[in-house]
Amino acid sequence: MSTEFTADSFPNRFDYGESQDRIYQQWEETGCFSADENDTRPTFSIVIPPPNVTGALHLGHALNNTLQDVLIRLKRMQGFNTLWMPGTDHAGIATQAVVEKRLREEEGKTRHDLGREALVDRIWDWKGQYEKRILGQLKKMGCSCDWERTRFTLDDVCARAVRSTFFDLFRKEYIYRGKRLVNWDTFLQTAVSDDEVFHELVKGHFWHIRYPVIDPQPGEPTHVTVATTRPETMLGDTAVAVHPDPEAALQKSEAELQARLDSAPEKDREGLQAQLEEIQQRRETMLPQLILLRDMALDGRRVCLPLLDREIRLVADVWAKPEMGSGCVKITPAHDPNDYEVGLRQDLPMINILNPEGTLNGNAGDYRGLTIAQSRKRVVADLEEAGLLVEVEDREIDLAHSDRSKTPIEPYLADQWFVKMEQLAQSSMDAVTDGRVKIFPDRYAKGYLDWLSEKRDWPVSRQLWWGHQIPIWSQVCGSEQALTEAIDVLKKLPQMASGEMAYQVEISESASPAAEGDQGATEAGGYATIHVGIEAEVAELEDQLEQLGYRREQDVLDTWFSSALWPHSTLGWPEQTASLARFYPTSTLITSRDIITLWVARMVLMGINNMGEIPFEQVFIHPKILDGYGETMSKSKGNGVDPLDVIEKFGPDALRFGLAHLTTETQDVRMPVQFECPHCATLMDQTKKNRELPRVACKKCEGEFSTQWARSPEDQQLPRGPVVSERFEVARNFCNKLWNAARFALLNMEGYSPQEVTAAELAFEDRWLLSRLSSVTEKVTQSLEAYQYAEAARMLYDFAWDEFCSFYVEMAKSRLQAEDSQAVAQRVIAHCLDQLLRLLHPMIPFITEEVWRLMKQVAPVRGLRNPREATESIMLAEWPLPVPADHDPEIEAQFSQFQSVLGAIREIRSRQNIGPKEQIEFSVTCSEDVTSLLQPMEEFFQSMANARAVAWGPDVEPSTGCATVRRGDVDVYVDLKDFIDVSAEIERNQRLRDKMVAQIEGKEKKLTNENFVARAPEEVVQRERDGLVQLREEVVAIDKVLE
RNA sequence: GGGCAUAUAGCUCAGCUGGUCAGAGCACUGUGUUCACAUCGCAGGGGUCGCAGGUUCGAAUCCUGCUAUGCCCACCA
């Protein structure tokens, strides 16, 4: 036909190094990845979970993206108009933090040294570098994204969507400004997120302070005692709390302790016993006083805040634990998270006493201007002098520190922007409860719904420089009149009338200290702040506002705000683009479970808000990849694997197939990792110890290599030892097996001619393979569509290796040699290989593409029913459909009969150590039916087991001194003649017989159990009966041999 | 503290709605290289399915409790 291959011109391994870039480039050049918004076929679209530009992709990303690519390639072959939308995420704080860290390490500078603009420029440089790296990694993995559409959450298109959304929510008054306690870093003068706070035990004190009761009545205490680790915060106290039902609370904790004591191990008992006694004692000594104080609190009584002589409330609140300290607790709502909650519950004033740089402000009276440390000393000294300091205990304190400046964190009440979640959260819940959005596996829906049902408002402002700056301009108005005037001015702007602009008035008790600096006590009537939002970025209008005295909000938005818009912002929203109309809503989102709430839930609510429609129909949550110790992989632990290292060692297909093969529904993927020695390629298990070393010595060649921790110049000069996992070997071997099967097939295509093949022309093994192919096609398709990747991978692995290679190809060998039978065998093998390549292509795209291309040279037209010219690229080939006419359970059953007889012969060969070159003779006792089936297959016993059949049929009797194996109702005997250890064979049969007798007894017992016979289904009972009969026959058969 | 998972061969995992479900791969043992593939072929050994109860004629499979591990959320004056 056309070019023939020779064994020499066809390497026996697929060389990825040489081929993968070429193949990928061809895909790109021929536009295989491009989605067409004018194509009217049904669509299938996926948006990528945009990787953070903080660094390179790791194995978790590789998994995530492999699963997406498998799905998109499947759908593309199934004839959908597919879009896989790629892009990256600016990842707010994470990216700013890495760039700041480098700045500090390499130049010894802080971001304040650079200024906002310069820092943001640096981060853009970083982004450029890592985005390139990330996209490069995705391409190496074979991801078929539509690269021309690549977006970034901070690019102009996304920025416009963010701005438009923010304005819409602002106008609906879903966005508001409120106070919130943040972790304030007084050194960097910024809020830091919870993730960036570390806790450290430090030595401190517990000060017990007395607050005088105002106008104590006879019988009432004159003081309440409170204890604190931070006496200076008392300057911001606005209440003292006592439990509303101290008796019940004590009882409850006593009962809990008793319960714990009852089940506690011996070693913990002593401590628990002491605690229990303490509580019992409290009920005796303190309870009356606490009840009295509670009553006073309910009466609205007050205490005097020492030093400032301020009257503060006595409140009844559950936060005051009667089993702790004095049972009373001071409440500082503006400087403690728990007290803040109490403040909200009890409607207490919140007095901020700090300036942003950590000194005390005007609210602290005479202590104004002191640092926290100074004020603590002064406060303690003054209290002591006033005789109000009762006791000072030494105590270890769990103190929060800022990760970045290493200074203690101050809880600090600051202005923050919030999104009201009431309606938005509800819409997002409804989408899942009514099934418009389906989550797989469905157990993850629970977490999603639980989280949303709290409907907690979403704080969206971040005190960062990297991100979408909040598009709000604000101005504080000192008086009613100023406010009215300012609003009048606003209302005259044409943009206000046209709805491109909106404003909100916020009335607060105090201006934000963080934003406005130290303004001292509030003026009567509070502050009024006008917030103005503008729909689109219009420089003129923004300038105009600045001139009117408005100042733009400095904070940026939470990075998840832009991520939440991803499914529609990437398609051009708010422009009503053709792509948006075509590809929204997307089909499936594939992501990891830790961002179900942060991201998935928010995409749903923003999609509904902006588009009026859900963003995706299905969500698949895939497992996490853990290392051999069950720990999550991360760069900071040193156990992270770079997908490129795996690709380098095993090839991209092995990476993908390996990952898909591990993606089961219930389990996380545990993947022990190894260092690969760069000198001798030995794999060494990574231990918790060696993974933290800058250099490691190979256990075999003793050559040293560097790890990611290499810092010193000597270490860095050593060759790098990549981290890989031998879990990919299986997949690499599988690809090699496929390659060689293809190599064999293509080397035997000489004289191939495509032609329709009739059923009558097909050999037994052809019909068997076609039947199997049809079932596998059906099951693989179903599995992939149900996100059962591991199942699909396993089925294809077994089919390709065991059935196609080990049986079909072996059996086809002789036919391919013979002139008269060659043609049909070639057509069948070409067709089946063609179909197998298609089924495997989504998982292993490179090797299947290469084989496809080679196959096109010798067998361009393929197919048994309707031979057709193969497509140029396998990416464009049609996904196989099951062929009901090929499905033949009877032939599959018969074939397994053949397999078991073959297996029996091979087992005897191996058991008796008969060399492969020694021909043996065998006979088979079986029914006439089986005889007529297997006798024609004698040549396969010859070629696949070097065994010659001497007798078939129901009357065949074993000769003495033969080895036997029974499979089902077929007995196979091999005449041992002069080879062989006859006594060993007898011994073996004796053991086998004993085992069977035991089984027979078990079954007899079961069948004499009336309950079983009466209650179990008839078919189950029958199966037991049949089994018993068969076992008895087997024993008889063995006995014959043993004679 | 609340929630969600997981526990099956030395290792990594399958085993969907209870009765051919005790399996796969790696590792191990034996054996075999002109004839697609040693990244291979053929064969073999190895597990009372975390523990304790319960439901059932029958449980790796369903229920309860316990233990261990992981993850998410909350909290830690």
Side-chain angles (χ1 to χ4, degrees), chain A residues 7 10 12-14 199 206 226-230 233 241 263 319-321 324-325 329-332 336-339 342 395 397-398 400 441 443-444 446-447 450-451 454 593-598 623-624 626 628-632 650-651 654 661-662 664-672 685 725-727 729-748 786 788 790-791 794 797-798 805-806 809-810 813 817 902-903 905-917 944-945 1006 1009-1017 1019-1021 1023-1024 1026-1027:
Chain A
F10 202 136
N12 66 3
R13 297 209 182 150
F14 177 42
H199 292 259
F206 210 39
V226 295
T228 180
T229 56
R230 301 198 50 196
T233 62
S263 61
W319 171 239
K321 305 278 192 297
M324 309 270 290
V329 58
K330 64 195 262 316
I331 303 297
T332 321
D336 180 278
N338 293 299
D339 292 4
V342 177
R395 192 173 213 211
I397 299 162
D398 184 28
R443 70 186 126 94
Y444 290 112
K446 182 174 161 47
D450 286 351
W451 186 81
E454 291 181 31
R593 77 171 93 89
D594 35 8
I595 53 176
I596 295 174
T597 52
L598 294 173
K624 284 182 81 93
L626 309 172
Y629 302 100
E631 295 179 19
T632 50
F650 298 104
H661 195 256
L662 293 167
T664 57
E665 287 172 277
T666 51
Q667 298 259 67
D668 281 339
V669 176
R670 194 176 284 216
M671 183 173 288
D685 282 350
S725 175
E726 60 188 356
R727 299 294 303 279
E729 263 178 27
V730 177
R732 190 258 327 257
N733 295 354
F734 174 65
C735 291
N736 182 250
K737 186 75 181 175
L738 180 74
W739 175 259
N740 277 289
R743 177 171 185 256
F744 171 80
L746 300 191
L747 287 173
N748 283 283
Q788 293 165 348
E791 184 68 9
R794 212 173 0 254
Y797 181 97
D798 291 344
C805 293
S806 296
V809 170
E810 288 307 319
K813 277 179 178 171
Q817 301 306 317
L902 184 73
I905 298 166
R906 283 170 166 178
E907 187 187 322
I908 293 168
R909 289 197 79 101
S910 172
R911 207 160 75 203
Q912 291 292 341
N913 261 320
I914 303 169
K917 284 172 188 150
M944 296 172 81
K1006 210 169 181 181
N1009 179 345
E1010 285 177 27
N1011 270 329
F1012 172 68
V1013 180
R1015 300 200 190 187
E1019 56 180 70
V1020 174
V1021 177
R1023 196 149 55 214
E1024 288 299 314
D1026 294 348

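Here the structure is a predicted model, which is why all the values come from computation and not from measurement. Protein chains get the first letters and strands the later ones, always in sequence-line order, with residue 1 at the start of each.
- Judged by distance alone, with hydrogens and angles left aside, the side-chain atoms of A:Asn740 form a donor-acceptor pair with the main-chain N or O of A:Asn736 at under 3.5 Å.
- Here A:Thr664 does not reach the OP1 or OP2 of B:C13: none of its side-chain N or O atoms lies under 4.0 Å away.
- The distance from the CD1 atom of A:Ile331 to the CH2 atom of A:Trp319 is 8.5 Å, given to the nearest 0.5 Å.
- Atom pair A:Glu791:CD and B:G15:P shows a separation of 7 Å (rounding to whole Å applied).
- Between A:Asn733 and B:C37 there is no side-chain N or O to OP1 or OP2 distance below 4.0 Å.
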| task | Evaluate the criterion side chain to side chain contact (heavy atoms under 4.5 Å, CB included) for residue pair A:Lys624 and A:Val669; output intermediate values, then yes/no. | result | CA-CA 6 Å; A:Lys624 284 182 81 93; A:Val669 176; over 6 Å; no
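- Spacing of C1' atoms, B:U6 relative to B:C13, comes out at 12 Å, to the nearest Å.
- Only the C1' atoms considered, B:U69 is 32 Å distant from B:U56, to the nearest whole Å.
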Do any N or O atoms of the protein come closer than 3.5 Å to N or O atoms of nucleotides 31-36 of chain B, and which pairs are they?
residue: B:A36; atom: O3'; partner: A:Arg743; partner atom: NH1; Å: 3.1
residue: B:A36; atom: O2'; partner: A:Asn740; partner atom: OD1; Å: 2.9
residue: B:A36; atom: O2'; partner: A:Arg743; partner atom: NH1; Å: 2.8
residue: B:A36; atom: N7; partner: A:Lys813; partner atom: NZ; Å: 3.2
residue: B:A36; atom: N6; partner: A:Glu810; partner atom: OE2; Å: 3.1
residue: B:A36; atom: N3; partner: A:Asn740; partner atom: O; Å: 2.9
residue: B:A36; atom: N3; partner: A:Ala741; partner atom: N; Å: 3.2

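- Proximity note for A:Lys446 (side chain, C-beta onward) versus B:C4, B:G30, B:C72: the nearest is B:C4.
- With hydrogens and angles left out, the side chain of A:Arg732 and the base of B:U39 share a donor-acceptor pair within 3.5 Å.
- Distance, A:Lys330 NZ to B:A77 P: 13 Å, rounded to whole Å.
- Taking the P atom of each, B:G18 and B:G58 are spaced 16 Å apart, rounded to whole Å.
- A ring-centre distance under 6.0 Å is found for A:Phe10 and A:Trp739.
- With the nearest nucleotide of RNA chain B identified for both A:Leu598 and A:Asp798, A:Asp798 has the one nearer the 5' end.
- With C1' as the reference atom, B:C16 and B:C62 are 14 Å apart, rounded to whole Å.
- Here B:A74 presents its C1' atom at 13 Å from CH2 of A:Trp319, a figure rounded to the nearest Å.
- Among the heavy atoms of the strands lying under 4.0 Å from A:Arg13 is at least one base atom, whether or not backbone atoms are also near.
- Using a 4.0 Å heavy-atom criterion, one finds that A:Val730 contacts the sugar-phosphate atoms exclusively.
- At whole-Å resolution of the value, CZ in A:Arg443 and P in B:C4 are 11 Å apart.
- For the pair A:Thr332/A:Thr233, a side-chain contact is recorded, criterion being any heavy-atom separation below 4.5 Å from C-beta on.
- Cation-pi geometry between A:Lys737 and A:Tyr797 is not satisfied (NZ or CZ under 6.0 Å from the ring centre, within 45° of the ring normal).
- For the pair A:Asn736 and A:Thr597, nearest-nucleotide mapping onto RNA chain B gives the more 5' position to A:Asn736.
- B:G15 and B:G25 have their C1' atoms separated by 15 Å, given to the nearest Å.
- The side chain of A:Tyr797 sits closest to B:G25 out of B:A77, B:C72, B:G25.
- Among the protein residues, A:Arg911 comes within range of no part of the nucleic acid, since none of its heavy atoms lies under 4.0 Å from any strand.
- Spacing between B:A60 and B:U48 at atom P, rounded to whole Å, works out to 13 Å.
- Nucleotides B:A68 and B:C75 place their C1' atoms 24 Å apart, quoted to the nearest Å.
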| query | How does RNA chain B read in dot-bracket, base by base from 5' to 3', with Watson-Crick or G-U pairs under 3.5 Å and | used when the partner is on another strand? | reply | (((((((..((((.....[...)))).(((((.......))))).....(((((..]....))))))))))))....
| query | Hey, mind stepping through A:Phe734 and A:His661 against side chain to side chain contact (heavy atoms under 4.5 Å, CB included) and telling me if it holds? | reply | CA-CA 12 Å; A:Phe734 174 65; A:His661 195 256; over 6 Å; no
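- What separates OH of A:Tyr444 from C1' of B:C73 is a distance of 15 Å, to the nearest Å.
- Using modelled atom types, no side-chain atom of A:Arg727 and backbone atom of A:Leu662 make a donor-acceptor pair closer than 3.5 Å.
- A donor-acceptor pair under 3.5 Å is formed between the side chain of A:Arg909 and the backbone N or O of A:Ala945.
- Of the P atoms belonging to B:A9 and B:G50, the separation is 8 Å, rounded to the nearest Å.
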